[in-house]
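This report concerns only the one structure given below.
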Amino acid sequence: MPELPEVEAIARTLRPFVEGRTIERCRVIHPIAAAGMSGKGKQVAAAKLEKNLGGRKIERVERRGKFLILALDSGSAVMHFKFDGQLVWFDGKETCGHIDVALETAHGTLGFVDPRHLGRVQWVASLDEIPGLRTMGVEPLAEEFTAERLAEALAGSRKAVKVCLLDQAKIAGVGNIYSSEALWRARIDPRRPAHRLSETETNRLRRGIVDVLRNALKCCLHPAPNFRDANWWFQGLERILRVYGREEKKCQRCGHRVARMQLGGRGTYWCPGCQK
DNA sequence: ACGGAAACCTGGACGC
DNA sequence: TGCGTCCAGGTTTCCG
């Protein structure tokens with residue numbers, strides 16, 4: 001579920017728990033969580049994860065797109081939450097619930113949880129080994145995400161602009177919710193071919209992406225993630241959503257009814273009244 | 001090369 | 001209550 005703002009909030013909140021600490025032991029309880037993104041070779045991958053994380057010091061917690069990265073004194077632990085992945089913190093070595101992977105430190109245990117087992121935890125010597133990271137596009141909250149960079153990302157693609165925004169190789173970390181929201185803010189129809197946006201529209205879209213992500217990040221940090229509560233999840237995001245999940249409700253800008261359609265196989269919300 | 005659809009998994013919501 | 005169906009905020013892979 002988490003998109004860029006959620007993962008960023010997780011990274012910031014996790015830092016004081018693990019930065020500078022040593023993973024005394026890694027236990028893989030559900031091997032599929034250690035497999036490659038395709039799900040193959042899970043037993044080998046699980047053994048590799050336990051071996052390579054054990055004894056490693058966590059030097060930094062970072063985020064790239066929707067990936068959470070624990071930079072170690074040797075290699076990196078790379079996590080992807082997909083739909084339902086979550087982190088849980090236990091103050092001792094005892095864990096409970098359906099933990100997929102446990103990282104034990106002297107101060108407590110970090111658990112990676114995913115009831116659907118689509119999420120992944122992998123160890124790599126170099127981040128380039130993760131295909132999704134190797135090809136990752138520009139970070140939308142970084143300074144280099146200018147209107148020119150966005151125009152470059154959209155140029156040459158006849159796909160619907162909404163589908164382009166979901167392409168992680170173009171822009172990092174934007175998912176199904178915030179792509180719909182950014183297009184609403186920019187007053188652009190999600191079906192518009194990406195390469196046909198005018199300069200003005202591209203500018204508005206950049207603004208829309210940056211604003212919705214910043215807004216969501218603020219929301220995700222107040223209140224901050226609570227890793228000690230297994231039932232915790234981000235609260236209050238619906239307050240900042242203007243179209244996502246609001247099918248049939250009135251558009252807060254023009255009063256037209258919000259519509260839903262399938263675009264690139266994903267549920268897409270938009271306002272036919274003011275998104276042109 | 002490119003776009004579309006299926007696959008990977010499981011739980012929850014909904015209709016009958 | 002029970003069962004079938006559809007849906008899910010992601011990414012990779014397969015197929016035409």
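Chain naming here is simple, since letters A, B, ... match the order of the sequence lines and numbering starts at 1 in each.
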Distance, rounded to the nearest Å, where A:Y244 contributes OH and C:dC7 contributes P: 13 Å
Is the base of C:dG9 touched by the side chain of A:E6 through a donor-acceptor pair closer than 3.5 angstrom? yes
Between A:F112 and A:F81 (judged by ring centroids, cut-off 6.0 Å), do the two rings come close enough to count as a pair? yes
Across the strands shown, which category fits A:G175 at heavy-atom distances under 4.0 angstrom: base, sugar-phosphate, nothing? sugar-phosphate
Pair A:R64 + A:E139, salt bridge at N-O below 4.0 Å: yes
I want to check one thing: is the phosphate of C:dG10, taken as OP1 and OP2, less than 4.0 Å away from some side-chain N or O of A:H80? no
Considering only heavy side-chain atoms of A:K159, the closest of B:dG11, C:dT12, B:dG3 is B:dG3
What does C:dG9 pair with, Watson-Crick or G-U, if both distances are under 3.5 Å? none
If pairing means Watson-Crick or G-U wobble with both distances under 3.5 Å, then the partner of C:dG4 is B:dC14
Using the rule that Ile, Leu, Val, Met, Phe, Trp and Tyr join whenever any side-chain heavy atoms are under 4.5 Å apart, tell me whether A:F90 and A:L87 fall into a single cluster. no
Looking at A:G175, is its backbone amide N or carbonyl O close enough to the side chain of A:E3 to form a donor-acceptor pair, meaning the two atoms are under 3.5 Å apart? yes
Nearest-angstrom distance from the residue atom CH2 of A:W233 to P of B:dG11: 17 Å
Between C:dT11, C:dG9, B:dC9, which one does the side chain of A:K66 approach most closely? C:dT11
Interatomic distance where CD belongs to A:Q262 and C1' belongs to B:dG3 [whole Å]: 16 Å
